[in-house]
Asks: 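Here it is, the structure in full.
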2 protein chains.
Amino acid sequence: MVTTTRAAKMAETRAKLIAAGRKAFAEKGYSGASMDDLTADVGLTRGALYHNFGDKKGLMAAVVDEIDTVMATRAHDAGQKAGGGWKGLLAEGAAYIEMALQPEVQRIVLLDGPAVLGDPSQWPSQNRCLQATIATLQDLAAEKAIKPVDIEAIARLLNGVALNAALWVAASETPEATLPKVVAAFECLASGVLITPESRI
Amino acid sequence: MVTTTRAAKMAETRAKLIAAGRKAFAEKGYSGASMDDLTADVGLTRGALYHNFGDKKGLMAAVVDEIDTVMATRAHDAGQKAGGGWKGLLAEGAAYIEMALQPEVQRIVLLDGPAVLGDPSQWPSQNRCLQATIATLQDLAAEKAIKPVDIEAIARLLNGVALNAALWVAASETPEATLPKVVAAFECLASGVLITPESRI
DNA sequence: CTAATGACATACGAAGCGTACGTCAATGGC
DNA sequence: GCCATTGACGTACGCTTCGTATGTCATTAG
């Protein structure tokens, strides 16, 4: 017997709404997405939405958090797989850039997200990603591998570069051709924090 | 006698609407700004607006273009005043960052602009700013002062860094304290394109 | 078995955008 | 100097959307 508890049912409702939100926000943009339509798509009404998320912005926050969390962990994994340190930092940035090729990511996280929810550096998920970058930079600082600059500032700007690079690639006519160029440029700028010029790519 | 030609009158109407748009978009955000209200503020109705700008987005485009054009020329001037070349590039970025401290710039150009009008690198005004950066980089490339990377990619990312740096400063609790840190970080990253490590700040 | 809580649906009001139409002044031809 | 036409702008209407207030039904507690 499958005991369907109410908590599980509500979680399922939330999941359905978030999935519908992802789809609608990605396809029509935030303001273009109709709450009536996206709830009806999963057999619900706005009643469920306002009960679970408070308002339209609440659903957007949940959607952004879900996507952004996946992005942060995946970028972090890429950095670990590259062995951490300087190589890991570059891998992290490259992974971040590649993920932003997805239209869903571009539209929801990069374009509408900041406009609706405010500065991305204030998002919980972005903070997680930022903390990872900061940690990597602190390791490099301990090895005296980077210049004595403000770690948080560098981390924020590096994330910003990756984000912006992703935007450009996504808007490009030929994303596949642009990607390697922008990754190289990213690594070039990032190398600015290194003390030893030999460490450049 | 003051001959008020119709072209001049229409230009005045456009100017009034753009001014009202700047104010409304800055204070309430794009979606929060009511066309009824902002037109009434300057003694007009939505009729004038739809006649001159087509739709709400059209007014937004005009407002963004006006602000962004001023930003581009001012940044360019700062670069020229610094003597062009490497110093000019840094001055350009710093000027861009400082301008973004204005709430109007932050809200309209940095947050709502991309969401409403799409990727900033496609805007005419942004292209002007980008061309200036590209020109400066090409000068440096001719002097063999920078690494052999894709100029356009570097230019776009540098602009992106400045933009992102500005966003952070604007969202910061203490903008005045954050500003020097991000400017230093910006110059640090920018120095990544230089060949000679001595040229760093 | 009954009362209460919670999850969701339904109904309602208000606001906003875009468009179709109306109006009045200005211009161009004769 | 008169009239038709154009253009700039105002007015009125419909449609969509959001948020809330209220209703309903199942589940749980006592």
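By convention in this document, chain letters (A, B, ...) are assigned in the order of the sequence lines, proteins followed by strands, and residues within each chain are numbered from 1. Reckoned from all heavy atoms, side chains included, excluding hydrogens, waters and symmetry mates.
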Asks: Hey, is CZ on B:R128 packed in by over 12 heavy atoms from elsewhere, all under 6.0 Å?
Replies: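 Yes - once you tally the heavy atoms of other residues, nucleotides and ligands closer than 6.0 Å, there are more than 12.
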
Asks: Quick check on contacts: within residues 48-55 of chain B, what sits under 4.0 Å from DNA chain D by heavy-atom distance?
Replies: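 Per residue number, the list reads B:A48, B:H51, B:N52.
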
Asks: Write down the distance between CD (A:E12) and C1' (C:dC8), rounded to a whole number of angstrom.
Replies: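 Rounding to the nearest Å, CD of A:E12 and C1' of C:dC8 are 14 Å apart.
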
Asks: Show every donor-acceptor pair shorter than 3.5 Å between a side-chain atom in residues 99-111 of chain B and any protein atom, with sequence neighbours excluded, or say none if there are none.
Replies:
unit_1	atom_1	unit_2	atom_2	d
B:E104	OE1	B:R22	NH2	3.0
B:E104	OE2	B:R22	NE	3.0
B:R107	NE	B:D112	OD2	3.1
B:R107	NH2	B:D112	OD1	3.3
B:R107	NH2	B:D112	OD2	3.4

Asks: If you take any heavy atom closer than 4.0 Å to DNA chain D, which residues from residues 16-26 of chain A end up in contact?
Replies: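 None - not one residue of the stretch has a heavy atom sitting under 4.0 Å from the strand.
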
Asks: Please name all residues satisfying side-chain contact (heavy atoms from CB on, under 4.5 Å) with A:V42, sequence neighbours left out, ordered by chain then number.
Replies: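 Partners of A:V42 by the side-chain contact (heavy atoms from CB on, under 4.5 Å) criterion, ordered by chain and then number, come out as A:K16, A:L17, A:A20, A:L44.
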
Asks: Which residue is it: A:V116, A:L59, A:V64? I am looking for the one with a side chain to side chain contact (heavy atoms under 4.5 Å, CB included) to A:Y30.
Replies: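 Of A:V116, A:L59, A:V64, side chain to side chain contact (heavy atoms under 4.5 Å, CB included) with A:Y30 is met by A:V116 alone.
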
Asks: Phosphate oxygens OP1/OP2 of C:dC8: is one of them under 4.0 Å from a side-chain N or O of A:T13?
Replies: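 For C:dC8, OP1 or OP2 has a side-chain N or O of A:T13 closer than 4.0 Å.
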
Asks: Taking A:K147 for the side chain and A:G192 for the main chain, is one N or O donor matched with an acceptor at less than 3.5 Å?
Replies: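 Side chain of A:K147 to backbone of A:G192, a donor-acceptor pair under 3.5 Å: yes, one is there.
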
Asks: B:D36: what forms a side-chain contact (heavy atoms from CB on, under 4.5 Å) with it, not counting sequence neighbours?
Replies: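 Scan of B:D36 (side-chain contact (heavy atoms from CB on, under 4.5 Å), adjacent residues dropped) gives B:S34, B:R46.
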
Asks: For A:T45 and A:G47, indicate whether the former's side chain and the latter's backbone hold a donor-acceptor pair under 3.5 Å.
Replies: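 Present.
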
Asks: Look at the side chain of B:R46 against the base of D:dG10 and say whether a donor-acceptor pair falls under 3.5 Å; ignore hydrogens and angles.
Replies: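 Check fails, no donor-acceptor contact within cut-off.
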
Asks: Do any N or O atoms from the side chain of A:T39 and from the backbone of A:M35 form a donor-acceptor pair under 3.5 angstrom?
Replies: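 Yes, the answer is positive, given that a donor and an acceptor are paired below the 3.5 Å cut-off.
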
Asks: Near DNA chain D, which residues from residues 27-41 of chain A have a heavy atom under 4.0 Å away?
Replies: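 Those residues whose heavy atoms fall under 4.0 Å from DNA chain D, taken from residues 27-41 of chain A in numerical order, are A:A33, A:S34, A:M35.
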
Asks: Take atom CE of B:M60 and atom P of C:dG18, then tell me their distance rounded to the nearest Å.
Replies: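 Between P of C:dG18 and CE of B:M60: 14 Å.
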
Asks: Pick from B:T73, B:T69, B:D68: which one makes a side chain to side chain donor-acceptor pair (under 3.5 Å) with B:S125?
Replies: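 Going through the options one by one, the only one that passes is B:D68.
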
Asks: If you define the side chain from C-beta out and look only at heavy atoms, does anything of A:F186 sit under 4.5 Å from A:L158?
Replies: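 Yes, their side chains come closer than 4.5 Å.
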
